[in-house]
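Everything below concerns the one structure shown next.
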Amino acid sequence: MTSIVAKNELDWIGLPVERVRERISLAPKKGKYVLYWMQASARVLDNGALQWAIFAANRLSLPLVVGFVLTDNYPRANRRHYRFLLESLVEVESELKRRGIRFVVRQGDPPEEILRLARDAAAMVFDVGYTTVQRAWRDQVDAGANLPIVEVEDNVVVPPELVFDHEAYMARSIRRKIFALLPDFLEPLRRIRPKIAGDDLKLKGIEIDPIEKLLNRMKIDQSVPPSPTFKGGQKEAAKRLRRFVRDRLEHYDLRRDPTAEFTSELSPYLHFGAISPMTVARAVWTSGSSRTDEFFEELVVQRELGINYAIYNPSYETFDALPNWARATLKAHEQDPRDDLYTFEQLRDAATSDPAWNAAQRQMLATGFMAGYMRMYWGKRVLQWCRKPRQAFDYLVRLNDTYELDGRDPNGYAGIAWCFGKHDRPWPNRPIFGTVRSMTPQSLQRKFDLDKYIKRWGQVELV
């Protein structure tokens with residue numbers, strides 16, 4: 001597999017060989033440590049890249065260094081997102097220190113800072129990112145490095161390339177294959193202890209605790225406050241997972257009712273890598289629930305459909321990513337009469353004539369989270385309030401990325417694109433929507449107690 005860890009040793013670690021890829025195939029160089037560049041997987045529990053790195057460091061009789069780089073200019077990230085991330089990193093720092101692993105957080109350009117750390121490394125391992133920015137960072141490190149680099153993919157259950165080597169048309173294209181492969185990727189990792197501590201390594205980093213002090217000096221968008229509802233970190237993620245399996249999973253068929261609160265609420269933690277999807281999948285798999293397949297449809301099929309979309313469609317953040325039929329039908333209906341037209345600022349401030357939409361927007365502004373069924377309605381409704389569908393798409397991306405904790409994510413972009421026809425089929429022709437599937441306030445009223453939802457969220461204060 002690599003010059004450091006052989007295939008049979010991967011099996012011993014509990015890492016399927018399909019999760020491990022060589023990015024640069026070289027013999028280990030003389031170095032002071034093995035480096036794990038943590039960026040997408042901000043956790044210690046169930047972290048395949050970390051376990052590979054510990055095994056490699058032990059094999060080479062070296063300490064392990066885990067590096068993370070904070071950048072002030074991640075697109076559309078703000079204080080809400082950075083606070084959530086830093087809450088995870090503080091936990092990571094504490095747990096790694098307890099295990100004798102040096103954790104170094106730096107601030108700046110991620111590829112530049114990681115290449116500086118890599119100068120004294122014998123080998124390096126990455127976790128995997130799927131957005132354009134994340135992939136570009138890793139390619140830059142490849143281009144500037146002169147050491148063996150391995151990538152471990154553990155933020156999906158089934159590695160994407162095993163399912164499709166091109167963009168999937170819709171969920172049914174990948175569902176059967178994913179469910180067939182699923183049992184092969186649920187084995188737990190073996191916990192490996194580092195043999196050599198890295199406490200005495202002299203490496204420069206920044207202090208991340210107290211968090212507020214760091215946030216105040218970062219040159220980031222400070223206008224969006226942290227969520228009062230969601231706290232970052234693997235401990236909070238584990239607590240929410242236990243609650244979901246114990247109290248909500250058996251009622252998962254009611255998840256589309258936003259007043260019932262039977263969703264897992266784990267999407268922010270999955271986005272930041274504070275919990276592994278394998279951790280979630282194993283907890284549900286062994287629960288004995290009758291709703292396991294329904295949940296796996298969301299956690300594995302739909303989530304990995306979104307990742308497939310980001311990998312294989314270079315326009316995934318834009319209107320251009322839509323299928324030809326959807327763009328054509330929406331274009332044909334641009335001149336259809338619309339009751340209202342709103343600016344971005346009016347949408348941002350929940351100042352529309354639709355109390356249901358306003359309530360959903362206010363939930364997102366206040367908490368960084370929006371109930372899934374309302375998220376679909378929220379996206380489709382904006383199509384009716386913008387003359388140009390392309391403008392509606394752009395507005396939704398800006399709102400979702402800025403206020404949702406799980407924004408700037410393949411599944412967020414896929415969800416918005418679905419509202420415009422992506423991963424769907426043509427439906428009967430209607431004004432404005434054309435043959436794109438529509439949703440109406442009346443459809444909400446048939447699904448759940450809409451008045452209750454509006455009463456809960458319609459009056460919350462704006463950020």
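This one's a predicted model, so the numbers in the text were calculated from it and none came from an experiment. FYI, side chains are in, hydrogens and waters are out, and symmetry mates aren't considered; it's all heavy atoms of this structure.
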Q | Thr318 side chain vs Ser315 backbone, donor-acceptor pair below 3.5 Å | A | yes

Q.
If you define the side chain from C-beta out and look only at heavy atoms, does anything of Leu10 sit under 4.5 Å from Trp52?
A. yes

Q. Does the ring of Phe68 carry Arg106 above it, NZ/CZ under 6.0 angstrom from centre and within 45° of its axis?
A. no

Q.
By the definition side-chain contact (heavy atoms from CB on, under 4.5 Å), identify the one residue from Val65, Val66, Leu96 that meets it with Arg102.
A. Val65

Q: Report the residue from Asp154, Thr279, Leu50, Leu89 that forms a side-chain contact (heavy atoms from CB on, under 4.5 Å) with Arg43.
A: Asp154

Q) Can a cation-pi geometry be assigned to Arg138 and Trp37, taking NZ or CZ under 6.0 Å from the six-membered ring centre and within 45° of the ring axis? A) yes

Q. Would one find more than 12 heavy atoms of other residues, nucleotides or ligands at under 6.0 Å from atom CZ of Arg256?
A. no

Q.
Can you classify the ring geometry of Tyr252 versus Phe244 as parallel (below 30°), tilted (30 to 60°) or perpendicular (above 60°)?
A. perpendicular

Q: May I ask you to say whether Arg348 pairs ionically with Glu345, meaning some side-chain N is under 4.0 Å from a carboxylate O?
A: no

Q) Centres of the Phe84 and Phe272 rings: under 6.0 Å? A) yes

**Q.** Closest heavy-atom pair and its distance - Ser88, Ala42
**A.** CB-O, 4.0 Å

Q: Check the angle between the aromatic planes of Trp12 and Phe55 and answer parallel, tilted or perpendicular using the 30° and 60° thresholds.
A: tilted

Q. So how far is it from Arg291 CZ to Phe296 CZ, rounded to the nearest 0.5 Å?
A. 15.0 Å

Q: Assign the ring pair His423 / Tyr309 to parallel, tilted or perpendicular, where the plane angle (0 to 90°) is split at 30° and 60°.
A: perpendicular

Q | Among His251, Glu250, Arg248, the one residue meeting side-chain contact (heavy atoms from CB on, under 4.5 Å) with Ser289 | A | Glu250

Q) Between Tyr413 and Trp418, does the ring centroid distance fall short of 6.0 Å? A) no

Please tabulate, for the side chains in residues 194-208, all donor-acceptor contacts under 3.5 angstrom to protein atoms that are two or more places apart in sequence or on a different chain.
none

Q) Mind checking whether Lys30 and Asp120 have side chains closer than 4.5 Å, heavy atoms only? A) no

Q. Between Val5 and Arg59, is any pair of side-chain heavy atoms under 4.5 Å apart?
A. no

Q | Parallel, tilted or perpendicular: rings of Phe319 and Phe420 (30°, 60°) | A | perpendicular

List, one per line, each side-chain donor-acceptor pair under 3.5 Å for residues 108-119, sequence neighbours excluded.
from   : atom 1 : to     : atom 2 : distance (Å)
Asp109 : OD2    : Glu112 : N      : 3.1
Glu113 : OE2    : Arg116 : NH1    : 2.8

